[in-house]
Amino acid sequence: MTQILRTLFMIATAMALLSCSNDTNHYRTTTPEFKLEQFFNGKIIGYGLVTNFSDDMVRRFTVDIDASWEGDVGTLDEDFVYDDGEKQFRRWVVQRTGEQTYQGRADDIIGEAVGEGQGSYLRWQYRMILPVDDTQYEVTFDDQMFLIDDNHMMNIAHIKKFGITVAKVTIFFDKVTD
């Protein structure tokens, strides 16, 4: 019984530490300020890769994004092309809800995504049904976006199942300028 309680205590402590490790306030004074409606407006090209829990690369991809905003509502059309030839399309509809807070929806997202930023950082979290081969998994995405400058951004997404990171997606975005 003592061993079970000790194990449960260790799991609860680890979960508490993990939940505190990505506090947006840590980035409050960083610049330039990251606003989704400014970076994701127009054409953006992304280059990324997916790694498994051992950090072994499992897929590479490019994504072309065409984004536009009307007031506080943005539409992001994402066309993915993977190195194995698979193509995917996702349309995000994003609502700005505060100074640096957002909500978003897409067809393959469960419920609403929520985002909160401070300074040059934005955290974007959502649940999704992720198809892998012939199986579908309900997972949680925890995206951490870092604006490098006005035209470049890096996103590291932890894909989690039961709170444990099972894969990671790293994407570099270039804003297409005229």
Side-chain angles (χ1 to χ4, degrees), residues 14-50 61-80 88-130 138-165 167-178:
M15 297 300 287
L17 288 172
L18 288 172
S19 67
C20 296
S21 65
N22 296 315
D23 184 0
T24 59
N25 285 326
H26 179 74
Y27 302 99
R28 186 181 61 244
T29 59
T30 59
T31 58
E33 188 174 19
F34 187 12
K35 299 226 180 231
L36 278 180
E37 63 274 21
Q38 291 175 355
F39 187 81
F40 287 107
N41 195 6
K43 299 214 180 285
I44 299 101
I45 297 173
Y47 312 89
L49 58 93
V50 180
F61 61 89
T62 61
V63 56
D64 291 324
I65 301 174
D66 190 2
S68 62
W69 289 77
E70 288 187 32
D72 288 335
V73 178
T75 303
L76 286 68
D77 289 336
E78 302 176 332
D79 287 299
F80 291 87
Q88 289 181 351
F89 173 80
R90 177 176 300 119
R91 171 173 283 168
W92 281 102
V93 176
V94 178
Q95 168 85 42
R96 182 176 175 231
T97 57
E99 183 62 30
Q100 220 172 342
T101 57
Y102 304 88
Q103 294 177 335
R105 291 187 173 272
D107 286 344
D108 54 351
I109 305 303
I110 301 169
E112 282 192 335
V114 293
E116 178 181 3
Q118 291 280 336
S120 61
Y121 171 80
L122 190 126
R123 188 173 187 188
W124 185 248
Q125 297 176 298
Y126 52 95
R127 293 182 308 133
M128 154 181 216
I129 299 295
L130 183 66
E138 183 178 329
V139 295
T140 302
F141 273 71
D142 186 359
D143 289 24
Q144 297 182 59
M145 302 179 194
F146 301 90
L147 188 63
I148 307 300
D149 60 33
D150 290 341
N151 297 316
H152 301 95
M153 189 264 289
M154 179 179 177
N155 180 23
I156 301 170
H158 293 263
I159 303 173
K160 297 179 181 181
K161 183 75 176 169
F162 304 119
I164 298 170
T165 299
K168 192 166 42 176
V169 181
T170 304
I171 311 173
F172 297 94
F173 290 101
D174 291 330
K175 191 171 175 70
V176 177
T177 58
D178 294 328

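The model shown is predicted, which means the values in this text are computed figures rather than measured ones.
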Note to self: Looking at Asp107, I'd like to know if its CG atom is crowded, meaning that more than 12 non-hydrogen atoms belonging to other residues, nucleotides or ligands lie closer than 6.0 Å.
What the structure shows: no

Notebook entry, point to check: Rounded to the nearest 0.5 Å, what separation is found between the CE atom of Met145 and the CZ atom of Phe34?
Noted result: 5.5 Å

Check: Got more than 12 heavy atoms from elsewhere within 6.0 Å of CD, Glu70?
Finding: no

Next item on the list: Could you tell me which non-hydrogen atom of His152 sits nearest to which non-hydrogen atom of Leu147, and how far apart they are?
Entry: O-CD1, 3.5 Å

Margin query: To the nearest 0.5 Å, what is the distance between CZ on Arg28 and CD on Glu33?
Written below: 12.5 Å

Notebook entry, point to check: Where do Ile148 and Met154 come nearest, in terms of heavy atoms and distance?
Noted result: CG1-N, 4.4 Å

Notebook entry, point to check: Heavy atoms, side chains only, cut-off 4.5 Å: are Val94 and Arg96 in contact?
Noted result: no

Note to self: For a 4.5 angstrom cut-off between non-hydrogen side-chain atoms, does Leu49 reach Tyr47?
What the structure shows: no

Margin query: Within the structure provided, determine whether Ile171 and Phe61 are in side-chain contact (heavy-atom separation under 4.5 Å).
Written below: yes

Item checked: Lys168 vs Ile156 side-chain heavy atoms within contact, under 4.5 Å -> yes

Margin query: Just checking Tyr27 against Phe146, ring centres under 6.0 Å apart?
Written below: yes

Next item on the list: Grab the two heavy atoms, one from Thr30 and one from Gln118, that are nearest each other, plus how far apart they are.
Entry: OG1-O, 4.3 Å

Note to self: Once rounded to the nearest 0.5 Å, what's the spacing between atom CE of Met153 and atom CD1 of Ile44?
What the structure shows: 8.5 Å

Check: Is the side chain of Lys175 donor-acceptor paired with the backbone N or O of Asn41 at a distance under 3.5 Å, no angle test?
Finding: yes

Note to self: Can you list everything that forms a side chain to side chain donor-acceptor pair (under 3.5 Å) with Glu99? Sequence neighbours excluded, please.
What the structure shows: Lys35

Checklist line | Which atom of Pro32 lies closest to which atom of Ser120, heavy atoms considered | finding: O-CB, 3.0 Å

Item checked: Spacing of OG1 belonging to Thr101 relative to CD belonging to Gln95, to within rounding of 0.5 Å -> 9.5 Å

Check: Which heavy atom in Arg127 sits nearest to a heavy atom in Ile109, and how many Å separate them?
Finding: O-CG2, 3.4 Å

Next item on the list: Using the side-chain contact (heavy atoms from CB on, under 4.5 Å) rule, take Phe80 and Phe89 through it: C-alpha gap first, then chi angles, then the decisive distance, then the call.
Entry: CA-CA 6 Å; Phe80 291 87; Phe89 173 80; over 6 Å; no

Check: Hey, does the side chain of Lys43 reach the backbone of Ile65 with a donor-acceptor pair shorter than 3.5 angstrom?
Finding: no

Check: Centroid-to-centroid, Phe173 to Phe40, below 6.0 Å?
Finding: yes

Next item on the list: Would you mind reporting whether Ile45 and Thr62 have side-chain heavy atoms less than 4.5 Å apart?
Entry: no

Item checked: ring pair (Phe, Tyr, Trp, His ring centres under 6.0 Å) partner of Trp124, chosen from Tyr102, Phe141, Trp92 -> Trp92

Next item on the list: Answer yes or no: is there a side-chain heavy-atom contact under 4.5 Å between Val169 and Ile159?
Entry: yes

Next item on the list: State, with a plain yes or no, whether a side-chain heavy atom of Gln100 is found less than 4.5 Å away from one of Glu116.
Entry: no

Check: Measuring from Thr140:OG1 to Lys161:NZ, what's the distance to the nearest 0.5 Å?
Finding: 8.0 Å

Check: Does the side chain of Thr75 come within less than 4.5 Å of Arg91's, by heavy atoms?
Finding: yes

Check: Are Asp174 and Asn151 close enough, and set up right, to give a side-chain contact (heavy atoms from CB on, under 4.5 Å), and what steps lead you there?
Finding: CA-CA 6 Å; Asp174 291 330; Asn151 297 316; over 6 Å; no

Margin query: Within this structure, what is the CG-CZ distance for the pair Asp108 and Arg90, rounded to the nearest 0.5 Å?
Written below: 4.0 Å

Next item on the list: Classify the side-chain pair Glu112/Tyr126 by whether it contains a donor and acceptor separated by less than 3.5 Å.
Entry: no

Note to self: For Asp72, give me all partners under side chain to side chain donor-acceptor pair (under 3.5 Å), at least two apart in sequence or on another chain.
What the structure shows: none

Notebook entry, point to check: Between Lys160 and Asp142, is there a side-chain N and carboxylate O pair less than 4.0 Å apart?
Noted result: yes

